[in-house]
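Here is the structure we will look at, set down as structure tokens.
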Amino acid sequence: MTNQNLYIPFEVDFKELESFPKHTRKINFFELIYIVDGTGIQIINSNKFPYQKGNLFLITPQDLHSFEIINPTKFFFLRFNEYFIKSTSQNAMQETVQRMEYILQNASHRPGCILKNKIDKPLIEILVDSIIKEQHNQQIYHQKITEQIVNAIITIVARNIALKLPKNIKESTGEMVLEILHYIQENIFISKELKSKKISDHFGISLNYLSSYFKKQTGETLQEYISNYKLRLIEARLLNTDMRINEIADELNFSDESHLNKVFRKHKGINPSEFRKKFSK
């Protein structure tokens with residue numbers, strides 16, 4: 001296994017490959033991989049997913065991944081780090097940037113194309129093609145234009161991850177449910193901010209409407225979503241950090257380590273220590 005670092009805010013690359021390097025890579029940055037053409041198998045964290053033209057994959061820091069190429073494949077790589085996201089706050093709404101960073105950092109990623117919003121699929125194809133042409137033609141301001149297109153792609157990715165987080169959220173969902181999801185994600189460590197009454201007051205809607213609207217849009221109740229989101233954060237900390245169980249319990253406002261163990265085992269059928277030992281490899 002090799003470790004790779006990124007020493008600039010972002011970089012783009014385009015390669016046509018008949019075989020992918022045999023070693024499994026672990027990266028310390030975000031990497032978007034778009035399939036311009038070709039077929040094969042994506043392997044990420046021991047999971048496999050068949051890929052084809054038009055698929056877009058997001059590799060997050062510390063993910064283990066590689067590809068098995070079946071037919072010669074044209075890959076478009078977009079690599080970026082946290083600094084690139086944060087630096088955009090100079091020119092964009094800081095709140096939006098913070099939300100984007102939080103979604104990218106904490107979403108639970110599994111193998112598969114992350115483009116869940118149908119209208120975004122042709123848009124990503126156009127944007128990727130535009131970057132490839134800008135890099136090929138090297139006309140004046142090509143780097144600045146490329147940076148703006150990269151910003152657009154990352155924003156679209158954040159939207160698709162937000163759509164993906166609840167299990168059954170609709171592709172045509174309205175903006176308000178996304179705002180509610182963002183609110184929950186940003187306040188996940190503050191229990192009093194996650195009470196239904198607090199959320200309904202924050203958005204100026206009634207408790208009854210909030211409950212029915214959220215369930216209709218996502219297929220989960222508010223409490224189900226909050227619980228499942230916490231479980232994803234626990235998994236991420238178990239696999240990617242050295243935090244002790246009691247530290248995770250304290251961070252996520254469980255009454256104690258025993259309470260976290262009980263909740264985790266109820267949903268996963270295994271306690272956190274066993275989960276870490278079994279899957280962190």
Could you tell me whether the side chain of Asn246 and the main chain of Asp256 form a donor-acceptor pair under 3.5 Å?
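Side chain of Asn246 to backbone of Asp256, a donor-acceptor pair under 3.5 Å: no, none is there.
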
Hey, does the side chain of Tyr51 reach the backbone of Thr39 with a donor-acceptor pair shorter than 3.5 angstrom?
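Judged by distance alone, yes, a pair lies under 3.5 Å.
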
Pairing residues for Lys15 by the salt bridge (Lys or Arg N to Asp or Glu O under 4.0 Å) criterion, not counting sequence neighbours:
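Salt bridge (Lys or Arg N to Asp or Glu O under 4.0 Å) list for Lys15, sorted by chain: Asp13.
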
Go through the structure and list residues passing salt bridge (Lys or Arg N to Asp or Glu O under 4.0 Å) with Glu16, not counting sequence neighbours.
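Result, salt bridge (Lys or Arg N to Asp or Glu O under 4.0 Å) vs Glu16: none returned.
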
Over 60° means perpendicular and under 30° means parallel, so classify the ring planes of Phe254 and His259, tilted if in between.
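Ring orientation, 0 to 90° scale: perpendicular.
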
Check the angle between the aromatic planes of Phe20 and His65 and answer parallel, tilted or perpendicular using the 30° and 60° thresholds.
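The arrangement is tilted - the two ring planes meet at 30° to 60°.
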
Kindly give the heavy-atom pair with the smallest separation between [X] and [Y], and that separation in Å.
{"X": "Thr73", "Y": "Asn71", "result": "OG1-O, 2.7 Å"}
{"X": "Leu238", "Y": "Arg276", "result": "O-NE, 2.8 Å"}
{"X": "Leu194", "Y": "Gln223", "result": "O-NE2, 4.0 Å"}
{"X": "Thr221", "Y": "Glu224", "result": "N-OE1, 2.9 Å"}

pair Lys230-Ile188: side-chain heavy atoms closer than 4.5 Å:
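Sidechains of Ile188 and Lys230: in contact.
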
Side chains of Ile199 and Phe214, heavy atoms from C-beta outward: is any pair under 4.5 Å?
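A side-chain contact is absent here, since even the closest heavy-atom pair is not under 4.5 Å.
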
Does a donor on one side chain and an acceptor on the other come within less than 3.5 Å for Tyr183 and Glu193?
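Side-chain D/A pair, Tyr183 to Glu193: present.
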
What verdict does the side chain to side chain contact (heavy atoms under 4.5 Å, CB included) test give for Glu125 and Asp129, after you've listed the backbone C-alpha separation in whole Å, the side-chain angles of each residue and the deciding distance to 0.1 Å?
CA-CA 6 Å; Glu125 182 179 5; Asp129 184 60; 5.7 Å; no

Evaluation steps, side chain to side chain contact (heavy atoms under 4.5 Å, CB included), between Ile43 and Phe67
CA-CA 6 Å; Ile43 305 170; Phe67 288 93; over 6 Å; no

Run the salt-bridge test on Glu274 and Arg265 with the 4.0 Å N-O cut-off and return the result as yes or no.
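Judged by the 4.0 Å cut-off on N to carboxylate O distance, Glu274 and Arg265 do form a salt bridge.
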
